[in-house]
Amino acid sequence: MKIFCISEVLILVLALALAVVRSLPGPVFFPLRVLAIAYADFFRGVPTILVITLLGFGAPALALKGVPTSTTFWGIVALTLVYTAYVSEVYRAGIESVHPSQDGAARSLGLTHGQSLRYVILPQAVRRVIPPLLNDFIGLQKDTALVGVLGSIEAFKQTQIDQAATFNFTSGLAAAVLFVAVTIPMARFTDWLVARDRRRQRAGATG
Amino acid sequence: MSALTIENLHKSFGKAEVLKGIDLAVAEHQVVCLIGASGSGKSTLLRCVNLLEPIDEGRIVVNGDEITAPGVDVNKVRRGIGIVFQAFNLFPHMSVLSNVTLAPRKALHLSRAQAEAQARELLGRFGLADRADDYPDRLSGGQQQRVAILRALAMKPKLLLLDEVTSALDPELVGEVLELVRELAAGGMTMVVATHEMGFARELADRVCFLDAGVILEEGPPAEIFSEPKEPRTQQFLARIVAAGRL
């Protein structure tokens with residue numbers, strides 16, 4: 001749960017930054033855009049388990065001074081790297097779904113590109129992609145189980161320990177319930193958010 | 001001093017040259033109407049004046065400052081030039097009040113209280129006071145377009161550009177928007193208005209420009225243009241408008 005929470009916050013912020021970088025206009029930002037695209041392509045292409053084992057076993061093995069050896073730390077880094085790539089694509093889809101005339105209207109009032117993005121484009125974009133964002137977070141929540149291969153104790157690892165000790169598989173069921181107990185309320189919460197937003201903007205529409 | 005001077009303006013999209021050398025001068029407090037068929041370049045001309053489209057050649061001078069000079073702060077220029085679009089383009093995720101106060105707060109750095117007081121005063125003056133807290137989708141098209149005009153006015157522009165502001169409206173909603181524009185003209189606002197409402201252009205314009213294929217083919221006082229157009233293309237265009245019952 002700790003791994004999930006910390007990665008989720010990091011991913012939300014970093015993925016948004018990445019999506020914004022990809023939307024920057026003009027030739028000046030071309031190198032940044034290329035970097036962002038390369039990043040997303042790479043980390044969406046590599047299996048999550050590979051990134052986790054590579055960082056989790058590889059980084060501490062370098063025995064460099066100042067490099068943490070905590071498997072939880074490297075688990076968070078790996079999941080954040082991978083999911084930031086996915087989530088930035090979700091954000092980008094949202095940004096591109098906002099009609100350019102919205103940016104035109106904002107810029108015509110004298111707002112800067114950054115202000116238009118901050119106050120006009122992103123609020124609309126993020127609202128639209130809440131359901132697919134949740135999709136990725138359910139995926140992330142389940143993938144925290146992969147960090148178990150490093151020896152970090154998350155729910156799935158704990159069930160394996162219990163099973164080995166007692167030859168009783170009920171703990172696996174308990175872990176499944178635990179995962180679902182988090183994801184289902186999240187799903188309902190998202191539905192509620194989306195519905196509330198729709199009510200506020202659309203109710204009683206006459207045009 | 002002329003509020004807006006356009007000299008030899010050229011603009012192409014790819015290979016298509018949309019504006020082929022436009023010259024236009026608008027004096028302060030003047031209302032100039034642009035008429036012409038769709039695709040004649042009216043919208044592009046207005047978008048160029050607001051710097052929403054980069055121009056290829058020529059100069060645009062607003063209140064003595066050349067806004068097309070290199071190194072000009074486009075954001076600063078746009079704060080002084082309002083533009084209202086055919087499709088309103090209100091921000092759907094914000095209330096009417098927030099739509100009107102966003103730019104004064106963020107671009108002019110007014111405090112929220114100042115901006116809201118000013119916005120409520122504007123909304124009140126034009127009969128939209130009770131709509132301040134509604135979201136745009138709850139308003140009629142006419143109300144939305146009036147809010148869009150007030151959103152531009154909240155920046156206290158010296159020059160207002162209206163791009164076919166009634167073309168997307170149901171006929172019965174056109175009147176309320178035109179009434180608002182009429183009041184602005186009476187208040188001395190300098191305006192360039194692209195429109196298909198010929199009756200309105202005739203009533204309100206100090207000067208009418210007929211655009212055809214990217215040039216101003218003919219211009220003059222409305223009485224002259226509408227009653228005795230000289231160019232065959234203008235005659236043809238107006239004849240079609242009359243045939244469609246729009247004049």
Side-chain angles (χ1 to χ4, degrees), chain A residues 16 19-20 23-29 90-91 93-133 190 192-207, chain B residues 46-47 49-53 73-95 98-109 133-145 148 151-157 160-161 163 168-170 173:
Chain A
L16 186 59
V20 166
S23 78
L24 289 175
V28 187
F29 296 107
V90 172
Y91 277 131
I95 290 172
E96 287 180 0
S97 79
V98 177
H99 198 273
S101 65
Q102 285 288 309
D103 183 58
R107 300 304 305 275
S108 78
L109 290 164
L111 297 177
T112 63
H113 177 76
Q115 287 173 326
S116 167
L117 206 59
R118 160 81 181 77
Y119 299 108
V120 176
I121 309 296
L122 287 182
Q124 297 185 58
V126 171
R127 276 175 174 83
R128 286 180 199 181
V129 297
I130 286 174
L133 276 182
T190 320
W192 176 80
L193 271 184
V194 173
R196 187 195 61 172
D197 213 53
R198 188 161 294 159
R199 250 197 329 274
R200 221 167 44 184
Q201 286 189 26
R202 310 255 160 83
T206 49
Chain B
L46 294 183
R47 291 176 65 86
V49 174
N50 196 255
L51 303 182
L52 283 173
E53 300 290 351
D73 180 353
V74 294
N75 299 314
K76 203 171 154 210
V77 168
R78 290 190 187 121
R79 281 171 215 157
I81 306 173
I83 185 166
V84 183
F85 308 95
Q86 181 175 347
F88 329 143
N89 302 350
L90 291 176
F91 307 131
H93 61 298
M94 291 183 184
S95 69
S98 303
N99 262 280
V100 179
T101 55
L102 178 69
R105 284 176 55 205
K106 301 305 170 190
L108 299 179
H109 306 291
D133 299 317
D134 281 329
Y135 283 81
D137 279 6
R138 294 192 186 188
L139 307 182
S140 71
Q143 289 170 330
Q144 288 190 48
Q145 191 58 293
R151 178 174 70 176
L153 285 180
M155 294 296 286
K156 300 194 165 64
L160 190 61
L161 313 170
D163 186 8
L169 297 176
D170 292 338
L173 301 176

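Just so it is clear: chains get the letters A, B, ... in the order the sequence lines come, proteins before strands, and each one is counted from 1. Just so you know, these numbers use all the heavy atoms, side chains as well, and skip hydrogens, waters and symmetry mates.
With a 4.5 angstrom heavy-atom cutoff, A:Arg127 touches chain B only via side-chain atoms. Both the backbone and the side chain of B:Asn89 have a heavy atom closer than 4.5 Å to some heavy atom of chain A. Residue B:Leu51 does not touch chain A at all, counting heavy-atom pairs closer than 4.5 Å. Interface remark: B:Arg47 contributes no atoms to any contact with chain A (heavy atom separation under 4.5 Å).
The structure places OG of A:Ser101 at 11.5 Å from CD of B:Gln86, a figure rounded to the nearest 0.5 Å. With rounding to the nearest 0.5 angstrom, the CG atom of B:Asn75 is 10.0 Å from the OG atom of A:Ser116. If you take NZ on B:Lys106 and OG1 on A:Thr112, they are separated by 11.0 Å, rounding to the nearest 0.5 Å.
Considering every non-hydrogen atom in both A:Gly110 and B:Arg79, the closest pair reads O-NE, 3.5 Å. For the residue pair B:Leu52 and A:Ser108, the shortest heavy atom distance occurs at CD1-CB, 4.1 Å.
In terms of modelled atom types and a separation under 3.5 Å, the side chain of B:His93 and the main chain of A:Tyr119 share a donor-acceptor contact.
Ranked by heavy-atom pairs under 4.5 Å with chain A, the list B:Asp170, B:Leu102, B:Leu173, B:Ile83 is led by B:Leu102. Put simply, of B:Gly142, B:Ala103, B:Ala152, the one with the most heavy-atom pairs under 4.5 Å next to chain A is B:Ala103. Note on A:His113, A:Gln115, A:Gln124: by heavy-atom pairs under 4.5 Å with chain B, the leading option is A:Gln124. For the set B:Asp134, B:Val74, B:Leu90, B:Leu108, the entry with the most heavy-atom pairs within less than 4.5 Å of chain A is B:Leu90.
With a 4.5 Å cut-off on side-chain heavy atoms, B:Phe91 and A:Pro123 do not count as touching.
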